[in-house]
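Have a look at the structure below before the remarks.
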Protein chains: 2
Amino acid sequence: MTEQMTRPLGLRERKKLKAMRHIQRVALDLFDRDGYAHVTIERIAAEAEVSPSSIYRYFGTKEMIVLWDEYDPIMLQAFDDRLAAQDPISALREVLTEVVTAAMFDQDEQFIRRRMTYMMEEPSVRASMGRQADETAVQLRQTIAKHTGRDPDGLELRVVTVALISAFMEAIAYWHDSGYRDSLREIVDGALDVIERGLRVG
Amino acid sequence: MTEQMTRPLGLRERKKLKAMRHIQRVALDLFDRDGYAHVTIERIAAEAEVSPSSIYRYFGTKEMIVLWDEYDPIMLQAFDDRLAAQDPISALREVLTEVVTAAMFDQDEQFIRRRMTYMMEEPSVRASMGRQADETAVQLRQTIAKHTGRDPDGLELRVVTVALISAFMEAIAYWHDSGYRDSLREIVDGALDVIERGLRVG
DNA sequence: TTCTGAACTGCGAGGCACTGTCAGTTGACC
DNA sequence: GGTCAACTGACAGTGCCTCGCAGTTCAGAA
């Protein structure tokens, strides 16, 4: 069992989280003002009153300043929990709709949309998101394999997993392209329907 | 109609193509010897006897030296051609199996495998491939929309397209991870089957 | 064949993301 | 309160990539 309990969280980790939130917020403000490419790490560091070294230690790359989301690991955990009593598809569907939309109102939705815009429109950020999706896919299929006894490295499970993830990401892209008009939850639901039902020849 | 005939190809373009092939081959040799990260553009340029500027003009980025494939545009064209008389799924299936495997013996397969290894194992190359896949997805769904009258920006077509492409890429990854043991054609066929039939709850 | 414009090439300078190291500091655990 | 590990900032360096400029090469017409 992956006993990943939400431990009390020491002072050290609390400070780090606070710093990361602060840096991300400062960075996004600068990006909005001057454009992603024209804002240097050095400027973000100065504005946030930390050293550039720290930013790299926290986020690793410039793109991860946009991509980082403190609730990401919670998603995977929520999925793992539900898998004990549910089939993978509906478990994933619930996590991707209920939990995602729930988290979006814990944080404010406006902030998520601002991040989303850079994920969609800044090529380097989008590429990094793709890499992140790959890693998520690996964890996801291992989790599914653990609960269902399937071969985690079999072609079928691998293909199913990436199809679901890329459907989710395309739902987000669709949401963005249509000006965040409709509810994300419905779009994600619709995208998963398409994958689940399979292809119909027009 | 996208009358993209294979025009006679002037001297200028012929030289450029020859240079790009040469640079790619030289670069891969160096990568194999010293590792992707330890080979600088400057070294590639020196070894290939061109200027670093030219490499950037040809490929744009270091990753594209690995990713570039002169037959890529031909694939899309082949797909467009078949779409006039076939449904999208089987047209894509044919292109992704027949044409891909055919092109692999025009060039030598060993060379493609070497490139593939960097695409799979070098994170930055893999990320760039993801970006390239996104662009392909856009063109693909516009082509399908043109032939079937569907909405090119509708959620359903968007999701179907990215699902097919990511299934194809996962097939390649599977092929790589299993040591290039089975035939790529069969793996791709199997991956497309999974998408086409839809998901079964275990 | 020769002329003219456009495309291509190499060169040099520079910006900036990112890495590694090293002292100095701060929180964790006894 | 003391010890150790983890974190932080400062600094130097590497290499990808961009831009502008001058010289060269090809394409299309005269």
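What you are looking at is a predicted structure, and each value in this text was computed from that prediction instead of being measured.
With sequence neighbours left out, the ring pair (Phe, Tyr, Trp, His ring centres under 6.0 Å) criterion links B:Y58 to no other residue. The ring pair (Phe, Tyr, Trp, His ring centres under 6.0 Å) test applied to B:Y174 returns no partner, not counting sequence neighbours. For B:T161, the side-chain hydrogen bond (donor to acceptor under 3.5 Å, both in side chains) test picks out no residue, with sequence neighbours left out. Contacts of A:R131 classified as salt bridge (Lys or Arg N to Asp or Glu O under 4.0 Å), with partners at least two apart in sequence or in another chain: none. Annotation: side chain to side chain contact (heavy atoms under 4.5 Å, CB included) contacts of A:R12 (sequence neighbours excluded): none. With sequence neighbours excluded, the residues satisfying ring pair (Phe, Tyr, Trp, His ring centres under 6.0 Å) with B:Y180 are B:W175, B:H176. Applying the side chain to side chain contact (heavy atoms under 4.5 Å, CB included) test to A:E63 and every residue at least two apart in sequence or in another chain returns A:Y36, A:T61, A:S124, A:V125, A:S128. Every residue meeting the side chain to side chain contact (heavy atoms under 4.5 Å, CB included) condition with B:D153, not counting sequence neighbours, appears here in chain and number order: B:R141, B:D151.
Within the 4.0 angstrom heavy-atom criterion, no nucleotide atom of any strand lies near A:F59.
Against DNA chain C, the stretch residues 115-127 of chain B makes no heavy-atom approach under 4.0 Å. Using a 4.0 Å cut-off on heavy atoms, the residues of residues 33-47 of chain A that approach DNA chain C are A:V39, A:T40, A:I41, listed by number.
Distance, A:K16 NZ to D:dC7 P: 6 Å, rounded to whole Å. A straight line from OH of B:Y58 to P of C:dC8 spans 9 Å, rounded to a whole angstrom. When the C1' atom of C:dA7 is taken as reference, atom NZ of B:K15 falls 12 Å away, rounded to whole Å. The nearest whole Å value for the distance from the CD1 atom in B:I55 to the C1' atom in C:dC11 is 15 Å. The distance from atom NZ of A:K62 to atom P of C:dC18 is 8 Å, rounded to the nearest whole Å. Taking atom CE on A:M20 and atom P on D:dC7, their separation rounds to 12 Å, with Å as the unit. Between B:E13 atom CD and D:dC26 atom P there is a gap of 13 Å when expressed in whole angstrom units.
Residue pairs meeting the salt bridge (charged side-chain N to carboxylate O under 4.0 Å, His left out) criterion with at least one partner in residues 26-35 of chain B, sequence neighbours excluded, are B:D29-B:R114, B:D32-B:R114, B:D34-B:R43.
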List every contact pair, protein side and nucleotides 18-24 of chain D side both N or O, where the distance is under 3.5 Å.
none

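Checking side-chain atoms of B:Q24 against main-chain N and O of B:W68 turns up a donor-acceptor pair under 3.5 Å.
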Item to check | Working for side chain to side chain contact (heavy atoms under 4.5 Å, CB included), residues A:L30 and A:V26 | outcome: CA-CA 6 Å; A:L30 290 174; A:V26 166; 4.2 Å; yes
